[in-house]
Amino acid sequence: MRTEQPVTIRRLDYTPPSFLVDSVSLAFDLLPGGTRVDATLALRRNPVADSGAPLSLDGEELTLEGVWLDGEPLAVGRYSLSESGLEVRDLPETCTLRIVTRTTPEANTTLSGLYVSNGNFFTQCEAEGFRRITFFPDRPDVMARYRVTLRAPRERFPVLLSNGNLIARRDCEAPEWLAAAHDGEAPGAGPATPEAWHEAVWDDPFPKPSYLFALVAGRLVATEERLATMSGREVLLQVWVEPGNEDRTGHAMQSLVRAIRWDESRFGLELDLDRFMIVAVSDFNMGAMENKGLNIFNTKYVFAHPRIATDQDFAGVESVVGHEYFHNWTGNRVTCRDWFQLTLKEGLTVFRDQEFSADVMAAQAATQAGAASARAVKRIEDVRVLRAAQFPEDAGPMAHPIRPDSYQEINNFYTVTVYEKGAEVIRMLQTLVGRDGFRKGMDLYFARHDGQAVTCDDFVAAIADANGADLSQFGRWYSQAGTPRVSIVGSHDARARRYRLEVRQACLPSPGQPLKQPFHIPLVVGLVGPDGRDLPLKPAAACAGSVRRIETAGGQVSAVLDLTEASQVFEFEDVAEAPVPSLARNFSAPVVVEHACDDAQLAFLAAHDSDPFNRWEAAQRLATRCVLAVLDGAAPAGRSAPLVAAIARAIDDPHLDAAFREQILALPSEGFIAEQLEVVDPVALRAARDAVRGELARGLAGRWRALVHDLGSDAPWTPDAATAGERALKNAALAYWVDSGDADAVATAQRQFARADNMTDRVGALQALLRAGGEPREQALAEFEKMFADEPLVMDKWFSLQAAMHRRPGDPPVLERVRALAGHPAFSLRNPNRVRALVGSFCHGNLAEFHAADGSGYAWWAERVLELDPLNPQVAARMARALDRWRKFGPERQAAMRAALERVAAAEHLSRDVREIVTKALAA
Ligand code: B3K
Ligand code: ZN
């Protein structure tokens with residue numbers, strides 16, 4: 001690998017492309033050891049660009065075989081070739097350019113561009129992988145129509161897929177260049193006897209940017225379904241997998257059908273192709289990719305069978321299938337002008353997939369209250385992710401606005417900020433203009449921009465214009481990084497019967513942004529009266545202009561407040577008795593709310609708030625305070641009493657469903673608590689959190705035992721939300737019960753482990769046994785490994801659970817185990833799922849062990865990053881981020897972390913990806 005000089009790309013430097021590509025025809029002769037790509041581009045000078053500008057084509061790791069202009073070989077003096085592309089001068093206003101290149105898919109370990117996985121061909125082009133396939137203006141604002149011919153040996157590659165519609169399939173001659181290759185032995189040509197070749201021709205009727213191009217070729221089988229869309233068009237849906245995996249595709253197919261129906265009913269958006277394909281691949285850098293009509297998926301988000309997949313995995317499949325399908329409109333039909341606009345498609349599409357999953361869960365509930373609770377559970381899960389991963393990102397060296405201003409490597413900016421915070425920004429827009437107003441805005445967005453490559457400003461303008469709303473200040477969410485802190489002081493004036501909220505907002509500096517302007521924050525609040533019910537809300541005249549609306553639904557009364565100033569006061573009239581305020585209901589904005597209240601008030605909200613999200617939130621705050629106090633030296637037993645009581649009440653509440661109760665009793669993560677501290681000692685933090693857990697475990701041991709017995713069922717596994725919630729609650733209870741030290745608990749977990757007919761209960765039992773430690777732990781791990789040795793996705797769980805495990809008294813450091821696992825035959829640095837399971841789970845997911853005081857974790861991290869970088873820079877850069885927050889630790893750990901970062905930064909050959917991460921970490 002060459003060492004790349006860091007070049008910073010800036011949003012404000014955007015210039016339109018000098019040429020547009022109206023259509024492109026690609027012919028592939030596919031062989032793993034050497035693939036030939038014959039590309040013909042119909043070019044037209046861009047009327048809005050500089051008239052004399054040369055044509056600039058991106059290209060990386062390509063061997064150029066020839067260039068022809070309008071049929072004639074192009075003189076060498078007319079173009080220049082560099083490591084990053086091809087520049088062609090003095091072109092006519094319109095012309096065709098034919099370019100023939102060679103690549104070596106089997107040598108491509110980066111999994112970007114065209115590569116081979118398990119003998120089959122796959123592509124990944126977003127963000128800049130297409131340039132590794134052919135020379136092209138590889139930027140999203142160049143949208144072209146594609147016609148693709150795939151030729152390959154028929155026996156080895158019976159299935160040939162690309163975007164759009166299949167228009168021809170036939171047998172064909174082996175390509176001439178192959179026969180011409182010396183002795184007929186082209187690299188990777190395979191058997192000595194000549195192979196029979198075949199070809200398929202695909203045509204995609206919709207112009208698309210190059211990042212949405214895809215091809216797949218190999219031995220695959222499809223499950224199929226036909227469906228009539230809302231306008232009555234019949235479409236073919238296919239899920240392609242390697243033979244033998246057909247029985248794992250049902251849930252993905254059902255999820256796809258549900259996603260199609262949901263987009264029709266919620267947004268009036270219809271599938272626009274005759275055929276929609278999902279293909280599963282086991283070597284993949286991320287979850288999945290929304291290539292037009294040919295989504296390529298990590299097997300992790302396709303395979304769902306109760307023997308190998310947990311309820312969480314089933315939910316993950318549904319949400320990723322939905323996400324990629326929703327991109328067909330938000331991303332593909334309307335795409336991004338440049339990569340700085342990434343959240344235009346990603347934030348919006350995450351918001352859509354979150355709403356989809358919430359609606360599907362709610363639709364399964366029997367009652368309205370059940371539906372509200374199901375929605376709250378989904379919201380809680382999403383907020384947990386945001387707080388655990390995005391808040392730290394927003395406070396660290398990689399902090400960036402959801403629309404970044406600069407990058408060195410765009411793949412480093414597929415972040416929780418762009419995705420999850422981006423989705424929160426879309427959600428706030430919906431809160432501001434209301435659900436119907438948001439739909440009107442979406443309709444206008446498509447009416448204006450279908451078929452275009454646009455900016456985030458275009459999106460916000462459509463929402464604003466459709467609603468006559470002023471969203472100018474709201475735009476700061478796109479330009480300012482950081483998590484705003486909203487501090488609120490509430491006071492009641494009994495004589496005047498008024499309740500007053502004094503609200504201040506502030507946001508700490510982030511890299512390149514020393515000062516922040518106030519954000520436009522929708523703050524949804526309610527006032528809970530002494531009887532536990534919401535009070536009616538009558539805003540005082542003085543603040544009425546900043547009260548957007550009052551919402552009343554069921555027993556819930558909430559005000560949507562517009563925070564726009566650094567400091568504001570809101571007053572409500574006719575409030576006879578002091579209420580407890582319920583703030584930022586349903587997590588109405590991605591902010592930290594600071595509000596001084598005592599344990600009793602939190603316990604009151606946890607028991608009574610009409611907003612289920614805030615019931616959970618109150619319990620979490622109670623738990624966080626408790627862990628922080630113990631960390632500060634408080635005696636765990638005494639300090640945990642209010643929390644134990646609140647959780648007991650939630651467990652006993654007959655109105656709460658199982659999934660929601662499980663959320664209430666799960667303590668905040670170590671990562672979340674760590675963010676509340678100035679200086680983190682992860683070992684002390686784990687001890688404090690485990691001490692509080694121990695209080696809950698022992699204090700409620702009887703309840704855990706009862707839950708495990710009441711919810712343990714011999715009925716066969718079913719995938720519905722209700723039984724999934726019960727399994728989640730039962731397994732959480734089992735782990736607490738084991739923590740209580742009751743020997744019956746371990747025996748129960750062992751029984752469940754042996755007898756489970758589904759992965760949720762198997763893994764649930766295994767997790768409990770990991771907490772038990774000793775022989776029961778080792779036996780279960782060995783048994784699990786034997787059972788699932790042939791199931792890579794399940795082995796990922798096995799790697800991951802061990803890498804993330806807590807040490808029991810007498811155990812050696814977890815790093816010792818992790819080192820051994822890195823040498824396990826099932827582990828490979830070439831497979832991103834394995835890397836995430838072992839390296840990711842240890843470095844990102846096991847705070848106390850990774851941050852062992854002797855710095856051994858950091859040294860191991862540096863070795864893995866350096867080993868992985870030449871193979872797969874994108875995944876290496878993800879792992880490299882484990883040291884982002886190094887300044888948050890004590891001086892000794894800081895020194896060891898800095899040394900590890902410097903060691904990586906000093907490496908002679910480093911990818912642009914990893915270099916950007918480590919230099920930013922060191923600079924902060
Ligand atoms: N758009 C892809 C992500 C591509 C990542 C490139 N490094 C998947 C998704 O967000 O749906
Ligand atoms: Zn996406």
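Remember, it's 1-based here, ligands and their atoms both numbered in the order they're listed.
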How far is [atom] from the closest protein heavy atom, and which atom is that?
| atom | value |
| --- | --- |
| atom 8 (C) of ligand 1 | Ala288 O, 2.9 Å |
| atom 10 (O) of ligand 1 | Tyr419 OH, 2.5 Å |
| atom 1 (N) of ligand 1 | Glu126 OE1, 2.6 Å |

Would you mind checking if [Y] and [X] are paired as a salt bridge, meaning a charged N to carboxylate O distance below 4.0 Å?
| X | Y | result |
| --- | --- | --- |
| Asp203 | Arg145 | yes |
| Arg11 | Asp405 | yes |
| Glu381 | Arg384 | no |
| Arg834 | Asp796 | yes |

### Query
Side chains of Ser117 and Asn120: do they bring a donor and an acceptor to under 3.5 Å?
no

Which of the numbered atoms in ligand 1 are below 4.0 angstrom from a heavy atom of [X]?
| X | value |
| --- | --- |
| Glu290 | 1 (N), 2 (C), 8 (C), 9 (C), 11 (O) |
| Gln874 | 7 (N) |
| Met289 | 1 (N), 2 (C) |
| His327 | 9 (C), 10 (O), 11 (O) |
| Glu346 | 1 (N), 9 (C), 10 (O) |

### Query
Can you name the side-chain hydrogen bond (donor to acceptor under 3.5 Å, both in side chains) partners of Asn831, sequence neighbours left out?
Asp283

### Task
With sequence neighbours excluded, tell me which residues meet side-chain hydrogen bond (donor to acceptor under 3.5 Å, both in side chains) with His323.
His327, Glu346, Asp353

## Note on the structure
To the nearest 0.5 Å, atom CZ of Phe587 lies from atom OG1 of Thr431 at 11.5 Å

### Message
Below a 4.0 angstrom heavy-atom separation, can you tell me which part of Lys345, side chain or backbone, both or neither, approaches ligand 1?
### Response
side chain

### Query
Do Tyr414 and ligand 1 have an N or O pair less than 3.5 Å apart?
no

### Query
Trp329 vs Phe446 aromatic rings, parallel, tilted or perpendicular, using cut-offs 30° and 60°?
perpendicular

### Query
At the Zn ion (ligand 2), what's the angle from His327 NE2 to His323 NE2, rounded to 10 degrees?
100°

### Summary
Judged by heavy atoms only, the candidate from Thr349, Asn411, Asn295 nearest atom 7 (N) of ligand 1 is Asn411

### Query
Below 2.8 Å, any N, O or S contact between Glu346 and the Zn ion (ligand 2)?
yes

